[in-house]
Novice: 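Attaching a single structure in structure tokens format; questions to follow.
Naming: A, B, ... by sequence-line order, numbering from 1 per chain. Small disclaimer: the values here were computed from a predicted structure and weren't measured.
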Protein chains: 2
Amino acid sequence: MVSESPKRLTIYDLARLADTSPSTVSAVLNGSWQRRRISQKLADKILSLAESEGYSANMQARALRRERSGIIGMILPLYDNRYFSSIAQHFEAQARQRGLFAIVACTNRDPAQEREAARMMLAYRVECLVSTGATDPDTISVMCDESGVASINLDLPGSKAPSVISDNREGARQLTNAILDRLAGQAARDDAILFIGGRSEDHNTRERIAGFSQARAERGLSTSEADILPCDYAADKAQVALEAYMRPRSTLPSAMFVNSTISLEGVVRWLQRGGYQLDDMIVGCFDWDPLAAAFHPHLIMARQSVGEMIDRVFEVIDTPSPDARLLIEVQPDIIGV
Amino acid sequence: MVSESPKRLTIYDLARLADTSPSTVSAVLNGSWQRRRISQKLADKILSLAESEGYSANMQARALRRERSGIIGMILPLYDNRYFSSIAQHFEAQARQRGLFAIVACTNRDPAQEREAARMMLAYRVECLVSTGATDPDTISVMCDESGVASINLDLPGSKAPSVISDNREGARQLTNAILDRLAGQAARDDAILFIGGRSEDHNTRERIAGFSQARAERGLSTSEADILPCDYAADKAQVALEAYMRPRSTLPSAMFVNSTISLEGVVRWLQRGGYQLDDMIVGCFDWDPLAAAFHPHLIMARQSVGEMIDRVFEVIDTPSPDARLLIEVQPDIIGV
DNA sequence: TTAGCATGCACAATCGGTTGTGCATTATAC
DNA sequence: GTATAATGCACAACCGATTGTGCATGCTAA
């Protein structure tokens with residue numbers, strides 16, 4: 001890092017150039033000059049000088065004095081996925097719109113990395129921290145509380161800060177219904193559906209399983225434990241789990257509920273190896289990927305409403321609720337029916 | 001934003017608690033205490049106090065005084081794509097490893113947003129700025145130069161700062177070769193290949209077209225201008241361009257060179273509408289997407305070596321080159337052959 | 001016994017803004 | 001022509017760290 005800065009311009013430099021005081025320059029540049037009764041003439045002079053000299057305020061100094069960093073933070077399991085990257089993108093856009101600077105850190109679904117990232121963000125004095133899909137959101141909330149910083153959970157709920165999540169149960173119910181509708185339209189061998197992917201420990205997976213079972217129950221179908229495979233979020237895990245599931249069986253399930261695009265990747269790989277095609281089954285996927293949709297128009301997908309979720313997050317930030325357990329659920333859209 | 005901070009702990013508080021001076025506390029906490037001959041005993045006392053009280057240094061104050069923010073910035077066209085999101089993820093991991101805090105901003109391939117993001121990052125006194133896939137990298141470089149901040153171009157080259165990019169020409173040549181090899185193995189109708197996607201203005205697309213033509217020329221094949229459709233990066237654009245291309249024709253091209261996964265999405269959508277399958281052609285795609293790979297094992301893809309590119313970026317940061325026009329090209333991998 | 005050095009720490013200036021306060025000067029009121 | 005108010009700006013303290021410098025005290029050596 002070769003920062004042999006040719007000394008950046010400060011308000012002191014501008015004050016000298018404009019033959020005025022630093023405090024006046026500061027007031028003019030941060031917009032408080034009318035309140036401080038600086039003359040229009042002097043303000044113009046300072047502004048044009050700042051412009052021509054390429055002045056840029058030192059945000060660290062400003063943050064220090066104002067005790068407001070202007071930074072808002074987010075921790076994210078990973079970028080490399082359409083859902084999470086879309087979250088990051090919307091978050092950044094909304095933050096910018098509010099004059100906030102967004103900082104996002106990936107924490108790989110690792111509680112230690114989550115804490116470490118939160119610690120760094122708090123050290124940089126973020127004004128608010130959003131923990132997305134955190135494995136341990138409550139610890140983050142406590143850390144934020146101790147620093148007097150607001151925190152919000154996104155995607156996975158916590159009990160110590162407001163949470164904005166998808167309505168996983170209802171989404172899963174609708175996705176399952178869509179699968180069952182299509183099954184009913186075809187002469188299917190049976191109406192068993194294999195549920196695969198996700199973590200049995202996480203709230204979303206549990207809710208989705210509940211919605212899945214509920215949709216079946218509403219049609220008088222029971223759900224067997226053996227048909228539920230929450231084998232974690234990873235393509236390989238899904239591939240291995242499916243392999244094991246299929247070993248004693250000779251025919252493909254009629255349908256599958258795949259609990260994430262990453263699990264879908266494993267499922268598709270397994271199918272390819274066995275010479276099967278995705279079209280040999282009816283497949284619903286909880287999560288959305290545009291390339292998958294293009295490749296496979298019959299694939300039913302629950303697309304989480306990322307834009308709306310981020311909007312809700314900022315609403316909570318703007319008008320903080322006294323209720324730390326506030327839970328906001330956003331409906332996903334069912335695509336491909 | 002409700003930052004009614006219950007006053008965070010400072011070195012002054014710790015000094016009072018430890019019955020010592022702020023400068024001593026500072027030295028102990030930032031590791032310079034041995035050099036300043038602080039006794040082990042006092043250091044231990046301060047450290048355990050800081051730990052138990054949950055002290056966290058104010059990075060704005062540190063940055064102000066040290067004139068080093070500890071922040072490194074990156075601008076990115078968008079997150080929502082496997083290539084760019086992977087870049088962000090590797091960048092962040094490498095930055096963290098060096099004790100730097102990474103800040104990434106999306107600029108939507110818009111020069112104005114690129115400048116604005118760069119301005120903000122410079123205001124936050126980033127120590128270095130990486131412009132990824134910037135439409136106007138040289139302006140960013142100039143802005144950084146004026147602030148005495150190092151800048152580096154990634155993915156698309158610039159002329160005023162070192163650049164790390166894929167070897168697009170060679171990658172395209174290899175990808176085209178792989179397509180031609182497969183064409184040779186089949187009784188293809190002809191050996192024309194449709195090149196679709198990308199921007200004719202951008203360096204990468206031009207290089208890829210050059211590599212494409214070169215591979216063909218090496219086999220004695222000429223390339224017709226009509227078979228090159230740089231219709232921009234967007235699924236819809238590719239779909240529309242393909243539609244127009246096919247209108248006067250009755251048969252699919254034997255093969256396609258698709259210049260990004262986003263263009264691939266448009267191509268696949270057009271094929272679906274026409275009742276075609278991707279397997280009806282031989283398809284090579286410059287870029288990689290794991291879901292696409294899973295869905296379509298015969299798809300040939302050039303996967304850019306993101307990890308290696310980021311490594312090169314940090315090498316340039318660590319040992320700055322006197323040559324602002326330094327161009328480092330990294331070989332992509334050809335997948336699916 | 002005292003000069004000389006090492007040890008252990010505190011002081012105060014500083015980074016670049018922000019903001020409460022105060023003081024001239026001019027304008028208005030009576 | 002004087003009292004009062006408005007105008008226009010400068011001063012200085014402060015945010016929380018970092019760091020050059022200096023001063024006691026204790027120890028060693030002559």
Novice: So for the helix from C:dT1-D:dA30 to C:dC30-D:dG1, with five pairs setting each end axis, what is the inter-axis angle to 10°?
Specialist: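 That helix gives 50° between its end axes.
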
Novice: Roughly how far, to the nearest 0.5 Å, is CG of A:Leu17 from CG of A:Asp19?
Specialist: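 Going from the CG atom of A:Asp19 to the CG atom of A:Leu17 covers 10.0 Å.
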
Novice: Atom CZ of A:Arg68 and atom P of C:dG17: how far apart are they, to the nearest Å?
Specialist: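 Roughly 18 Å, once rounded to whole Å.
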
Novice: Counting only heavy atoms from other residues, nucleotides and ligands, does the tally under 6.0 Å from CD of B:Glu201 exceed 12?
Specialist: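 Yes, enclosed.
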
Novice: Side chains of B:Thr10 and B:Arg16: donor-acceptor distance under 3.5 Å anywhere?
Specialist: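 B:Arg16 and B:Thr10 do not have a side-chain donor-acceptor pair below 3.5 Å.
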
Novice: Output, in order, the C-alpha distance, side-chain angles, deciding distance and verdict of side chain to side chain contact (heavy atoms under 4.5 Å, CB included) for B:Tyr79 and A:Glu92.
Specialist: CA-CA 10 Å; B:Tyr79 279 121; A:Glu92 209 207 288; 3.6 Å; yes

Novice: In whole angstrom, give the distance that lies between atom CH2 of A:Trp33 and atom C1' of D:dT7.
Specialist: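 To the nearest whole Å, that distance equals 14 Å.
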
Novice: Going by the rule salt bridge (Lys or Arg N to Asp or Glu O under 4.0 Å), which residues pair with B:Arg98 if we only count those two or more places apart in sequence or in a different chain?
Specialist: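 Testing B:Arg98 for salt bridge (Lys or Arg N to Asp or Glu O under 4.0 Å), a comparison that skips the adjacent residues, returns B:Asp318.
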
Novice: Take B:Ser159 and B:Asp138 through the side-chain hydrogen bond (donor to acceptor under 3.5 Å, both in side chains) test and state the conclusion after the steps.
Specialist: CA-CA 6 Å; B:Ser159 66; B:Asp138 285 350; 2.6 Å; yes

Novice: For each nucleotide in nucleotides 14-19 of chain D, reading 5' to 3', give B when a protein heavy atom comes within less than 4.0 Å of its base, S when such contact involves only the sugar-phosphate, and - otherwise.
Specialist: BBBBBB

Novice: How many whole angstroms separate atom CE of A:Met59 from atom C1' of C:dT18?
Specialist: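 So the two atoms are 14 Å apart, to the nearest Å.
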
Novice: Which is it for B:Ser26 and B:Arg62 under the side-chain hydrogen bond (donor to acceptor under 3.5 Å, both in side chains) test, yes or no, and what are the steps along the way?
Specialist: CA-CA 10 Å; B:Ser26 169; B:Arg62 166 174 296 176; over 6 Å; no

Novice: Can you tell me if A:Ser321 and A:Asp323 form a side-chain donor-acceptor pair at under 3.5 Å?
Specialist: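 Not at all, the side chains of A:Ser321 and A:Asp323 share no donor-acceptor pair under 3.5 Å.
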
Novice: If a protein heavy atom is under 4.0 Å from the base, mark B; if only from the sugar-phosphate, S; if neither, -; do that for nucleotides 23-28 of chain D going 5' to 3'.
Specialist: ------

Novice: Find the distance A:Leu42:CG to D:dT7:C1' and express it as a whole number of Å.
Specialist: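 Rounded to whole Å, this separation is 13 Å.
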
Novice: Give me each pair satisfying salt bridge (Lys or Arg N to Asp or Glu O under 4.0 Å) with a member in residues 101-116 of chain A, each pair once, sequence neighbours excluded.
Specialist: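 For residues 101-116 of chain A: A:Glu116-A:Arg119.
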
Novice: Which residue pairs satisfy the salt bridge (Lys or Arg N to Asp or Glu O under 4.0 Å) criterion with at least one member in residues 24-46 of chain A, sequence neighbours excluded?
Specialist: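 Applying salt bridge (Lys or Arg N to Asp or Glu O under 4.0 Å) to every pair that reaches into residues 24-46 of chain A, excluding sequence neighbours, yields nothing.
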
Novice: Starting from C1' on C:dG8, measure out to CG on B:Asp19 and report it in whole angstrom.
Specialist: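 Interatomic distance, CG of B:Asp19 to C1' of C:dG8: 15 Å.
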
Novice: For the pair B:Tyr55 and B:Val25, evaluate side chain to side chain contact (heavy atoms under 4.5 Å, CB included) and give the outcome as yes or no after the intermediate values.
Specialist: CA-CA 11 Å; B:Tyr55 171 80; B:Val25 173; over 6 Å; no

Novice: With the side chain of B:Ile38 defined as its heavy atoms from C-beta on, choose the nearest nucleotide among D:dC9, C:dA10, C:dC9.
Specialist: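 The nucleotide sitting nearest to the side chain is C:dC9.
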
